[in-house]
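Here the structure is a predicted model, which means the values were calculated and not measured. Every number for a ligand or one of its atoms is a count from 1 in the order of the listing.
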Amino acid sequence: MSFDVSTIKADFPILAQQVNGQPLVYLDNGATTQKPNAVIDAITHYYRNDNSNVHRGAHTLSDRATSVFEQARKDVKGFLNANSSDEIIWTKGTTEAVNLVAFSWGLQNLRMGDQVLVSHMEHHANIVPWQMVCEKTGAELVPMPVNDDGDIDLDQLNGLLSENVKFVSVAHVSNALGTVNPVQDIINLAHKVGALVMIDGAQAVAHWDIDVQRLDCDFYAFSGHKLYGPTGIGVLYGKADLLNLMTPFMGGGEMIETVTFEKTTFNTLPYKFEPGTPNIAGAVGLSAAINYLNSLDREAVASHEEDVMDYALAKAKQTKGLRIVGNAKHRAGVLSFVIEGTHPHDVGTLLDQQGVAVRTGNHCAMPIMERMGVPGTVRASFALYNSREDVDALFNAIEKIRMFF
Ligand code: PMP
């Protein structure tokens, strides 16, 4: 199978529009990706034909809704190569998945004197929940240092690891800098001191195959909307033996076995962590996104994305007054930069006027912005439908705005 970016682009109807009189060049994929027809059609089909509540009905539509919903879980299991569908918990997204682990596992297991390590480049979603739980338990949140290039130094990490460290939570790919972290090394090192490891895969899953069994991570989280699927659906993968020992942090219907006023006993996995009516259409849409990706040659997709990234980096390096923020050894999907004498927000607005959509600001990662000495950046982030032409459009637009500064 080969890869033709114009064929791929045609699968995404939103991209065929003009914005401010210019063809849309969508480079805000780190925030959310666009959706192919396959995903839009699957959601529409579900609402037109199968909509009902899951696991409840003694009727045909409910059976159908349950069956597509559980099939979606199996698709995610296959996508992550989990050992069992019971290890796949539906959440709203990465944020809820981290909160689930921080509150369920953390409140139960963390004590005064314990440490939780997160890297200096984490998204707030992988800092704040841990901070909240550390405050409640007396544990300490310790940032793993990041060097000037935006890489984690494994020797420094090793120096931080001790038997006090009970949990390590780290991004697979940084949304602010694009750094691909050496998660396999981090997992191996953390396991040596007996710490559990969670990987925030929000920015990674769209780029390569993930194999949670090979990684041997204890938890892995991602959001559907960054994987060409809908918003409001995400996944927590957890090893079954750990999930079985954890007490749910949210209660309600569906997650119980029996309820009396004296005591509630919980349902089995995965339902014990899924109170209330889930986002059924979201799961259907996410499974369509996974099937769409699986229908492509993912190695060809990855090399196309690398080509676009390298092309963008080379152009950035040739652009006068542009400073790339983060020069990680291994990078995926994200180019963060500032332009001398300009504010990122102004650059973003002027690029938008030329049809180029980027994100500006701190990217919900204030600690790493401070570490890099910038209040924020302009971030171009790439997906499989972006091409070298999109990169040219970005840099042509940057040249045009020089006159304003
Ligand atoms: N972690 C990372 C690395 C992210 O990029 C994001 C989204 N920008 C999140 C967590 C949070 O994801 P969501 O908002 O979908 O819960």
Between ligand 1 and the protein, tabulate every N or O atom pair separated by less than 3.5 Å, reporting distance only.
{"residue": "ligand 1", "atom": "1 (N)", "partner": "D200", "partner atom": "OD1", "Å": "3.3"}
{"residue": "ligand 1", "atom": "1 (N)", "partner": "D200", "partner atom": "OD2", "Å": "2.5"}
{"residue": "ligand 1", "atom": "5 (O)", "partner": "Q203", "partner atom": "NE2", "Å": "2.7"}
{"residue": "ligand 1", "atom": "8 (N)", "partner": "H123", "partner atom": "NE2", "Å": "3.3"}
{"residue": "ligand 1", "atom": "8 (N)", "partner": "K226", "partner atom": "NZ", "Å": "2.7"}
{"residue": "ligand 1", "atom": "15 (O)", "partner": "S223", "partner atom": "OG", "Å": "2.7"}
{"residue": "ligand 1", "atom": "15 (O)", "partner": "H225", "partner atom": "NE2", "Å": "2.7"}
{"residue": "ligand 1", "atom": "16 (O)", "partner": "T94", "partner atom": "N", "Å": "3.4"}
{"residue": "ligand 1", "atom": "16 (O)", "partner": "T95", "partner atom": "N", "Å": "2.9"}
{"residue": "ligand 1", "atom": "16 (O)", "partner": "T95", "partner atom": "OG1", "Å": "2.6"}

Enumerate the ring pair (Phe, Tyr, Trp, His ring centres under 6.0 Å) contacts for residues 137-164, please, sequence neighbours excluded, ordered by first and then second residue.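 Of all non-adjacent pairs touching residues 137-164, none passes ring pair (Phe, Tyr, Trp, His ring centres under 6.0 Å).
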Partners meeting side-chain hydrogen bond (donor to acceptor under 3.5 Å, both in side chains) with D155 (sequence neighbours left out):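 With neighbours one apart ignored, the set is empty.
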Would you mind reporting whether F273 and M246 have side-chain heavy atoms less than 4.5 Å apart?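 Result yes, sub-4.5 Å side-chain heavy-atom pair found.
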Would you mind listing every side-chain hydrogen bond (donor to acceptor under 3.5 Å, both in side chains) that reaches into residues 110-124, with sequence neighbours excluded?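 Output for this query lists Q115-E140, S119-E122, E122-N126.
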Begin from the C-alpha positions of Y311 and D392 and carry the test side-chain hydrogen bond (donor to acceptor under 3.5 Å, both in side chains) through to its verdict. CA-CA 9 Å; Y311 185 68; D392 288 338; 2.6 Å; yes
When rounded to the nearest 0.5 angstrom, what is the spacing between CG in L394 and CD in Q354?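 One finds 10.0 Å between CG of L394 and CD of Q354.
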